[in-house]
Amino acid sequence: MSNEENHLVIVRKEKLSALTQAGVPSYPNDYRPKNTLASLLSQFDAQQDSDVLAKITVAVAGRIVLYRHFGKLIFATLRDASADMQIAVQRDEVGVELYTNVFRKLDVGDWIGAEGTLFRTKTGELTVRVVRFQLLAKALRPLPEKWHGLEDIETRYRQRYLDLMVNPEVRTLFKTRSKIVSLIRGFMESHDFLEVETPMMHPIPGGAVARPFVTHHNALDRDLYLRIAPELYLKRLIVGGFEKVFEINRNFRNEGLSTRHNPEFTMMEFYQAFTDYQELMERVEQLICHVVRAINHDHLVVHHQDRPIDFTPPWPRLTLQEALIRFAEATPQEVANREGLLILADRHGLDPKIKNTLDDGALLLELFESIVEEKLIQPTFIKDYPISVSPLSRRSSQNPLVADRFELFIGGWEIANAFSELNDPQDQEERFLAQVQAKDAGNLEAMHFDADYIRALEYGMPPTGGAGIGIDRLVMLLTNSAAIRDVILFPQMRSKDPG
RNA sequence: GGGCCGUUAGCUCAGUCGGUAGAGCAACAGACUUUUAAUCUGUGGGUCGUUGGUUCGACUCCAACACGGCUCACCA
């Protein structure tokens, strides 16, 4: 049966015609509800005096999500954005004609506006006694089944509106996501950070090591790249004199999809002059604790996939080497040099080819990512990254091979990446050149040379610290979600030929 | 991209050894003025993901493809 014109759709279209012929405007837009369902429930649910309730006149609007009729009486459950509430229509009150030709023609899924008074049913449920009514929008397609709801994962993602209308927990989750973003924004603003918007279309993709999407601007006749990170633009703003900026927006990376990767994902990046990566750990810790408390009833322990995660600060701070010693049974000698790292790699069965393709720093990072990362369930800062894998980070004053950089891991995932920014234009130029060499050698993710960024640094960037926080993954942790698709309203899907 | 699993009515799911398809909800008709997954009686509804193959006969066995899920690889 065609999905476009099945029997159930035909029946509903016929009902709409019948309603129109009965004088019911089919798609009016002049109805205005005066009460949300939640406000009625909170105001009058405790009111026991039926005479009082009978004098309350209300005007509500919502979608019919349940509908049951008994000869001369109809009960329906109405859902608006705030709550579900029962309404009732009695034939003797609205008249036989209206009752039969209009109210009995309504279906689950229809949007209606209803006016009337309040009463309490035999079971004590606060209910709207409908005396006047408007059809606001007829549902021509049936809603998913009322008890099981919509379970098919593919349909939930492709037709998220169905998921939202029948699965209340999904609505709750996306409200929580919105609240998390709002809390982050509030935190940044309260610390005097300026929210900015920088380009999504970049002439040169930069700020991260990743493969970009390419698009084309016709009038300019040039290729542009969807941004992989806003970093280089935000730091240009620091050069320009803004000392605290942040941006919450999408990044795009042309890479594989997984339960933790969507081609477009949301990052919060912030940059602050006159600070360093050590102080940024404090800032990130405070920010995330602020968010966790606010959405978790002031508690700092959340449960994610049956695991408790305790956000109580301070969070451990380990160097990469210390993390390998603690979580990969490495000895201090093994993490001290390349020979030791190779022994460690062998012991953990890592692909032998990495020995030849990775430099010392990349090898250290590879060992960490493949062995340790997934074990960092509790919030943990990992610091002192190799300079070779940190092309935008400031070189440590103590060790020229180490960057003043940390990443934050929670639930086995990288949640944040931060560093003291490299503000030495000559060093930055050398780092870019090294990236270009890697790109020429076939590394598709290596960075481009961004001459304008170098020029900006040559005007002088104050000492600065910057951080990026993966919003989607943070939301996953705080909403007990297993897949990034569950926290993105319209996740990327392969197109499905409609026919 | 690799491996494994899945795709049957609008929705949620059964379908035995290969013999041409079932339930609940939804729909339709009827009964019913206090239900709330209302209940009861009756009726209709299917290109079994697509294409091919094996077979007298395929939802079932085989192959390819499409889409999805998990996972590995890449990444955040």
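Per chain, numbering begins at 1; letters A, B, ... match sequence-line order.
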Does the ring pair (Phe, Tyr, Trp, His ring centres under 6.0 Å) test come out yes or no for A:Tyr277 and A:Phe419, once each step is laid out? CA-CA 5 Å; A:Tyr277 80 119; A:Phe419 36 89; 9.6 Å; no
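Using a 4.0 Å heavy-atom cutoff across all strands shown, A:Arg494 reaches sugar-phosphate atoms only and no base atom. Among the atoms of the strands shown, only primed sugar atoms or phosphate atoms (P, OP1, OP2) are found under 4.0 Å from some heavy atom of A:Ile153. Residue contacts for A:Thr155: at a heavy-atom cut-off of 4.0 Å it reaches no nucleic acid atom on any strand shown. Residue contacts for A:Glu151: at a heavy-atom cut-off of 4.0 Å it reaches the sugar-phosphate backbone alone, with no base atom in range. Within the nucleic acid shown, A:Glu154 comes within 4.0 Å of sugar-phosphate atoms alone, with no base atom in reach, counting heavy atoms only. As judged by a 4.0 angstrom heavy-atom cut-off over every strand, A:Arg120 is placed among residues making no nucleic acid contact. A:Gly470 comes within contact range of no nucleotide atom at all, as no heavy-atom separation falls under 4.0 Å. Residue-level contact check: A:Thr121 touches the bases, meaning some heavy atom is under 4.0 Å from a base atom. Nucleic acid contact for A:Gly468: none, since no nucleic acid atom lies under 4.0 Å from a heavy atom of the residue.
The CG-C1' distance, from A:Asp486 to B:rG69, rounds to 12 Å in whole Å. To the nearest angstrom, P of B:rG44 lies 18 Å from CD1 of A:Ile10.
Remark: ring of A:Phe75 stacked against base of B:rU35; centroid gap under 5.5 Å, plane tilt under 30°.
Classified by interplanar angle (parallel below 30°, tilted 30° to 60°, perpendicular above 60°), the ring pair A:Tyr385/A:Phe368 is perpendicular. Ring geometry for A:Trp413 against A:His304 counts as perpendicular: the plane angle is over 60°, on a 0 to 90° scale with 30° as the lower cut. Using the six-membered ring where Trp is involved, A:Phe252 and A:Phe213 have ring planes that are perpendicular, over 60° apart on the 30 and 60° scheme.
Using atom C1' as the reference point in both B:rC61 and B:rU43, the two lie 37 Å apart (nearest Å). To the nearest whole angstrom, the two P atoms, one in B:rG44 and one in B:rA29, are 15 Å apart. Taking atom C1' on both nucleotides, B:rA26 is separated from B:rC62 by 37 Å, rounded to a whole Å.
Distances shown here put every side-chain N or O of A:Lys122 at or beyond 4.0 Å from the OP1 or OP2 atom of B:rU35. Taking only side-chain nitrogens and oxygens, A:Arg158 comes nearer than 4.0 Å to OP1 or OP2 of B:rG68.
Between A:Glu247 and A:Met267 the shortest side-chain heavy-atom distance does not fall below 4.5 Å.
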